[in-house]
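Atom set for the values below is all heavy atoms of this structure, side chains included, hydrogens, waters and symmetry mates excluded. Letters A, B, ... mirror the listed sequences (proteins, then strands); counts begin at 1.
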Amino acid sequence: MNPDLSQLSGVNLVVRGLCKQFRNQPVLADVSFSVNPGEIFVIMGPSGSGKSVLLKHLIGLEAPDAGEILINGDPVTSPEVAAKYRMALVFQSGALLNSLTVGENVGLYLTEHRLKPEEEIQKIVREKLADVGLRDVMDKMPSELSGGMKKRAAIARALVTEPQLIFYDEPTSELDPVSAVVIGEEILDLNQRTGVTSLVVTHERELAFGIADRIAVIMEGRIVTVGAPDEVRNAADPAVKNFLQADFKRQPKNLRA
Amino acid sequence: MFENIGEVVLLCWRTLLALPQGWRQRQKIFEQFFEIGNASLLMVCVLSFFIGAVIALQTGPVLAERSLSSAIGGVVGIAVAKELAPVMMSILIAGRIGSAMAAEIGSMRVYQEIDALRTMNINPIYYLVLPRMVAIVAALPMLVVFAILVGWFGGALVADYNQRMGIPMHAFFSDLKEIVNVKDVANGVFKSFCFALIIGSVSCHQGLTTMGGPRGIGRSVTKAVVNSIVAIVVFDYLLTRLLLS
């Protein structure tokens, strides 16, 4: 384990009254919640509920029409935030640069900002890849990796920045159940080792209830419930119930009869 | 349209502002420079040779009939150096390199690679646009100088071997030297420098504003090439007016 990781500490994230419209179509409507330092906070919701747009606002890739996002009290849009706090986003697709090797991808932040000498960058990259269970992939191209390996490489790339706040966008989508559990455990393990504040956006119930300290459910751009996993599971809202309990009703045919 | 033009000018300006940091991107600049030269040299050679040849073939017999054989070298020399080499090579590069720039940056945009750069506090203009712009601005004028020389040679060869002209090579080049001066070649090179800026900024802008999936990338590539060619032709007229005055 990298000794630096244990010295990290998470930050507090507060979202107040966030609103966003695209072509007069409201996508986020008065979204408010807060995430405590070191917490794993999961935002769940069906497809098209505004989860990814919300995430883009949190990382500063989109500007809200109204409302504010504060990191330890500083607005996320202020230039000082980038210098003061380290944040990282693990994209749904991994978003590894296809023209670079996995090693170059993971070390990109350090290389481009010239933060360490080349040999040290190589060492850090190897360590971070090992932290997510990837070995002997440094010289491979992203196209040679499986979906799960790409996501783990993307987590390693995020770890290189030694983040205090890490966002995960649908980290287990398109993965088989075993890989999904491995990624979920990586998120938990990382959180326990580093104390990093983690915000996970997902529509997968198993992942959400498996890793979350608290869960918020977003529907049609509004947060409809926030609480501990048990509180959310027992929520009275029929739409939330329907989302959490949706399943096939069909019974298998008994062909032997 | 005006919004797009404004955005392209802004991108060009921001790239110029990032220029002092260009040295740190020298590796990427060299890779792009090599890509442009390596991918285009043979095509530039073939295209410019036949451009020079066809100009000699079209104008030579007409001039020879009017006892103006001594002007053939000058006509081919001026046409190739001031107009045909810069414009045709720029159109070739817009098709070959501009499309590649728009496709590469466009696919990075669609597959969130550019968003990933932003989250790592890496400016896409500095990381993606600057190396491509510097490389094309350095490579295109060099290719144009090469194209001018090959074009002249193509013209000279046709003038020598075509029976309706029969002008020996040394006479062709001697006439050319009398009429064409360094300023004419410099005009062509200056034009190609401006066209390189147009191709680079239009193509990178199209890439950075790509929306949608593979269809969006295709649309960006088409727009990058078409808009670059239209802008080259329009600016060719404007620059010619400017340089003539």
Requested in this report: Give a yes or no on whether B:F30 atom CZ has more than 12 heavy-atom contacts from other residues, nucleotides or ligands under 6.0 Å away.
Outcome: no

Query - Atom group of B:I114 that falls short of 4.5 Å from chain A, counting heavy atoms - result: neither

Query raised in the report: Looking only at heavy atoms, what is the nearest atom pair of A:A95 and B:A116, with distance?
Result: O-CB, 3.7 Å

**Report entry** Pairs of heavy atoms under 4.5 Å with chain B: top-ranked of A:L96, A:V90, A:T161, A:L89
**Finding:** A:L96

Query raised in the report: If you count the non-hydrogen atoms of other residues, nucleotides and ligands that lie under 6.0 Å from CZ in A:F33, is the total more than 12?
Result: yes

Report task. Measure the spacing between CD of A:Q92 and CD of B:Q112 and express it to the nearest 0.5 Å. Result -> 7.5 Å

Query - Rounded distance [0.5 Å steps], CG in B:D115 versus CG in A:L61 - result: 5.0 Å

Query raised in the report: Which distance, rounded to the nearest 0.5 Å, do you find between the OG1 of B:T119 and the CZ of A:F167?
Result: 10.5 Å

Report summary line: Smallest heavy-atom separation, B:E113 atom then A:L97 atom, equals OE1-CA, 3.4 Å

Query - Spacing of B:R118 atom CZ and A:K56 atom NZ [to the nearest 0.5 Å] - result: 10.0 Å

Query raised in the report: Can you tell me if CG on A:D139 sees more than 12 non-hydrogen neighbours from other groups inside 6.0 Å?
Result: no

Query raised in the report: Are there more than 12 heavy atoms of other residues, nucleotides or ligands under 6.0 Å from atom OH of B:Y127?
Result: yes

Query - Neighbour count >12 (heavy atoms, 6.0 Å) for atom CZ, B:F235 - result: no

Query raised in the report: Can you tell me if CZ on B:R14 sees more than 12 non-hydrogen neighbours from other groups inside 6.0 Å?
Result: no

Requested in this report: Using non-hydrogen atoms and a 4.5 Å limit, figure out which bit of A:I59 sits close to chain B: side chain, backbone, both or neither.
Outcome: side chain

Query - Approximate separation, where rounding is to 0.5 Å, of A:R86 CZ and B:N121 CG - result: 12.5 Å

Query raised in the report: Where does A:L100 contact chain B at under 4.5 Å (heavy atoms): side chain, backbone, both or neither?
Result: side chain

Query - A:E112/B:K28 salt bridge by N-O under 4.0 Å criterion - result: yes

